[in-house]
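Working notes for the structure below.
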Amino acid sequence: MADTVLIDSHDGIATLTLNRPEKLNALNYALIDRLLAILDAIETDSSIRVIILTGAGERAFSAGGDIYEFSESVAQGADVAMRDFVARGQRLTARLEAFRKPVIAAVNGLAFGGGCEITEAVPLAIASERALFAKPEINLAMPPIFGGTQRLPRLAGRKRALELLLTGDAFSPQRALELGLVNQLVPHDALMPAAHDLARRILRHSALAAASILTAVTRGINQSIAEGLLIEGEQFARMAPTDDLREGLDAWIERRKPNYPGSWSLD
C-alpha cells in the first residue's frame with residue numbers, strides 16, 4: 001500500500017505530499033493519522049525548519065474528507081462520527097495552526113472542504129492558478145467540521161464567509177487571494193518554486209524567533225489587544241536569554257550576517 005503522506009526533506013525544508021491522487025487526496029483516517037505522526041516527528045527535528053504541504057497528482061490539493069469513510073462512521077451514530085471524524089479532523093487543523101515551525105500550503109488544485117480548512121489553518125499559503133476552492137459541506141446537509149465555520153469568518157469576514165458557507169459555491173484562487181485565504185497566486189509551474197522561495201526567505205532568520213512569532217500570533221489573534229500584548233511580551237521574555245537574540249543584536253551592530261545557534265538551551 002502506498003504511503004498516504006510522502007516526505008522529502010533537504011536544506012531545512014520538509015515537503016509533505018498528500019498521496020491519494022486517485023481519490024483527489026481525500027482525507028481519510030489513515031492519511032490524517034499519518035500526517036499528525038509526521039508533524040510530531042518534525043516538531044523535534046532541528047534539521048527541519050519549514051514545512052511545505054501539497055497534494056499528489058495534477059488535480060487536487062485535497063478534495064476534503066473521505067465521504068465514504070465518514071458515512072460509515074455516521075451510520076454507527078453521532079458519538080462514533082464525532083470521535084472518528086470530527087475530533088480527528090479538528091485535531092489536524094489545530095495542530096497545523098499552532099505548529100511552532102512555519103507551514104506553507106502549496107495549493108496545486110482542488111481545495112474543497114477539509115482541503116480548504118487546512119489552507120485556512122496553516123500560517124502561509126500559495127495557490128496555483130489551477131487551484132479551486134469550495135466550502136461544499138452544505139451540499140451534504142452538514143456544516144464544515146474541521147474548523148471552517150470558525151477560521152474562514154476570521155480570515156474573510158462574517159458576511160463574505162457566510163456566502164461561501166451557505167451556498168457551497170466554488171471560488172477561484174483570485175477570490176481566495178482577495179479573501180486573505182492565500183498569500184500569493186502564481187502560475188501552476190511556478191507553485192513549488194514560489195513555495196521554496198518563501199521557505200528560504202524564512203530560513204534566513206532565527207528559528208526561535210519564527211517560533212515565537214507563530215505562537216504570539218496564534219495565541220493572541222482571538223484575544224483582546226491587551227491580552228495579546230501580554231502574550232507578545234511573554235514570547236519576547238522567552239527569547240531574551242537566548243543566544244539567538246544576542247547573535248542577532250551583535251550581527252546588526254557589527255554589520256555582518258548572523259549565524260544563529262537555534263537552541264533554547266541557555267548553557
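Just so you know, residue 1 is the first one in the sequence shown, and it goes up from there.
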Problem - Co-membership, hydrophobic cluster, residues Ile202 and Leu245, 4.5 Å side-chain - result: no

Problem - Heavy-atom side-chain contact between Thr93 and Val122 under 4.5 Å - result: no

Practice task
Could you tell me whether Leu166 atom CG has more than 12 heavy atoms of other residues or ligands within 6.0 Å of it?
Solution key: yes

Exercise for the section: Determine, step by step, whether Asp11 and Arg200 satisfy the salt bridge (charged side-chain N to carboxylate O under 4.0 Å, His left out) criterion, reporting the C-alpha distance in whole Å, the side-chain angles of both residues, the deciding distance to 0.1 Å, and the verdict. Expected result: CA-CA 9 Å; Asp11 299 328; Arg200 286 190 293 270; over 6 Å; no

Problem - Co-membership, hydrophobic cluster, residues Phe112 and Leu162, 4.5 Å side-chain - result: no

Practice task
Work out which heavy atom in Ala199 is nearest to a heavy atom in Val50; give both atom names and the distance.
Solution key: CB-CG1, 3.7 Å

Exercise for the section: Please examine the side chains of Leu16 and Ile52, heavy atoms only from C-beta on, and report whether any two atoms are closer than 4.5 Å. Expected result: no

Handout entry: Rounded distance [0.5 Å steps], CG in Leu27 versus CZ in Phe146
Key = 6.0 Å

Handout entry: Polar side-chain atom of Arg151 near backbone of Gly148 as donor-acceptor pair, under 3.5 Å
Key = no

Exercise for the section: State whether the number of non-hydrogen atoms from other residues, nucleotides or ligands found under 6.0 Å of Asp79 atom CG is greater than 12. Expected result: no

Handout entry: Minimum-distance pair of heavy atoms, taken over all atoms of Leu96 and Pro123
Key = O-CD, 4.1 Å

Handout entry: Cluster overlap Val103 with Ile126, hydrophobic side-chain contacts below 4.5 Å
Key = no

Exercise for the section: Check whether any side-chain heavy atom of Ile104 lies under 4.5 Å from a side-chain heavy atom of Leu53, and answer yes or no. Expected result: no

Handout entry: Gap between atom CG of Leu35 and atom CZ of Arg91 - 0.5 Å precision
Key = 12.0 Å

Problem - Phe236 vs Ser212 side-chain heavy atoms within contact, under 4.5 Å - result: no

Practice task
Identify the two heavy atoms, one from Ala216 and one from Gln235, that lie closest to each other, and give their separation to 0.1 Å.
Solution key: CB-CG, 4.0 Å

Exercise for the section: Measure from the side-chain N and O atoms of Asn28 to the backbone N and O of Glu69, and report whether any donor-acceptor pair falls under 3.5 Å. Expected result: no

Exercise for the section: State whether the side chain of Asn183 and the backbone N or O of Ala125 hold a donor-acceptor pair below 3.5 Å, judged by distance alone. Expected result: yes

Practice task
Using a 4.5 Å cut-off on heavy atoms from C-beta on, say whether the side chain of Leu92 contacts that of Leu36.
Solution key: yes

Handout entry: With Ser9, the side-chain contact (heavy atoms from CB on, under 4.5 Å) member among Ile51, Ile48, Asp45
Key = Ile48

Problem - Side-chain donor-acceptor pair present, Ser224, Glu227, cut-off under 3.5 Å - result: yes

Handout entry: From Arg88 atom CZ to Ile145 atom CD1, the distance as rounded to the nearest 0.5 Å
Key = 12.0 Å

Problem - Donor-acceptor side-chain pairing of Arg100 and Thr215 below 3.5 angstrom - result: yes

Practice task
Treating Ile, Leu, Val, Met, Phe, Trp and Tyr as nodes and any side-chain heavy-atom pair under 4.5 angstrom as an edge, say whether Leu208 and Ile231 lie in one connected cluster.
Solution key: no

Handout entry: Nearest atoms (heavy-atom pairs only) where Leu185 meets Pro173
Key = CD1-CB, 3.5 Å

Exercise for the section: With side-chain contact (heavy atoms from CB on, under 4.5 Å) as the test, would you mind laying out the steps for Val5 and Thr17 before giving the verdict? Expected result: CA-CA 5 Å; Val5 181; Thr17 304; over 6 Å; no

Handout entry: Closest heavy-atom pair and its distance - Met142, Phe70
Key = SD-CE2, 3.5 Å

Problem - Arg34 side-chain N/O to Ala30 backbone N/O, donor-acceptor pair under 3.5 Å - result: no

Practice task
Please answer whether the main-chain N or O of Pro136 pairs with a side-chain N or O of Asn139 as donor and acceptor at a distance below 3.5 Å.
Solution key: yes

Handout entry: Pro21 and Arg59, any side-chain heavy atoms less than 4.5 Å apart
Key = no

Exercise for the section: Output the distance between atom CG (Asp169) and atom CD (Glu163), rounded to the nearest 0.5 Å. Expected result: 7.5 Å

Problem - Check: Asp8 side chain, Thr15 main-chain N or O, donor-acceptor pair, under 3.5 Å - result: no

Problem - Geometric class of the Tyr29/Phe85 ring pair [parallel <30°, tilted 30-60°, perpendicular >60°] - result: tilted

Exercise for the section: Please confirm whether the backbone N or O of Gln150 pairs with a side-chain atom of Arg154, one donor and one acceptor, at under 3.5 Å? Expected result: yes

Handout entry: Working for side-chain contact (heavy atoms from CB on, under 4.5 Å), residues Leu110 and Phe61
Key = CA-CA 5 Å; Leu110 298 177; Phe61 174 68; over 6 Å; no

Problem - Rounded distance [0.5 Å steps], CD in Gln184 versus CG in Leu198 - result: 6.0 Å

Exercise for the section: Decide if atom CZ of Arg256 counts as having more than 12 heavy atoms of other residues, nucleotides or ligands within a radius under 6.0 Å. Expected result: yes

Practice task
Report yes or no: does Thr119 contribute a side-chain atom to a donor-acceptor pair with the main-chain N or O of Gly115 at less than 3.5 Å?
Solution key: yes

Handout entry: Expected output: side-chain Asn19 to main-chain Leu6 donor-acceptor under 3.5 Å
Key = no

Exercise for the section: Find out if a path of hydrophobic residues (ILVMFWY) with successive side-chain heavy-atom gaps under 4.5 Å connects Met239 to Ile213. Expected result: no

Fill in the blank from the handout: Tightest non-hydrogen contact, residues Pro144 and Glu137, listed as CG-OE1, 3.5 Å

Handout entry: side-chain contact (heavy atoms from CB on, under 4.5 Å) between Leu132 and Phe171, worked out
Key = CA-CA 6 Å; Leu132 187 65; Phe171 56 102; over 6 Å; no

Practice task
Compare all side-chain heavy atoms of Glu120 with those of Lys135 and state whether any distance is below 4.5 angstrom.
Solution key: yes

Handout entry: Heavy atoms of other groups near Ile221 CD1, more than 12 under 6.0 Å
Key = no

Practice task
Check whether any side-chain N or O of Arg49 sits under 3.5 Å from a backbone N or O of Ser46 as a donor-acceptor pair, and report yes or no.
Solution key: no

Exercise for the section: Check the side chains of Ser206 and Asp244 for a donor-acceptor pair under 3.5 angstrom, ignoring hydrogens and angles. Expected result: yes

Practice task
Using the side-chain contact (heavy atoms from CB on, under 4.5 Å) rule, take Val107 and Phe133 through it: C-alpha gap first, then chi angles, then the decisive distance, then the call.
Solution key: CA-CA 9 Å; Val107 185; Phe133 298 85; 3.9 Å; yes

Handout entry: pair Arg160-Arg175: side-chain heavy atoms closer than 4.5 Å
Key = yes

Handout entry: Interatomic distance, Lys101 atom NZ to Leu39 atom CG [nearest 0.5 angstrom]
Key = 10.5 Å

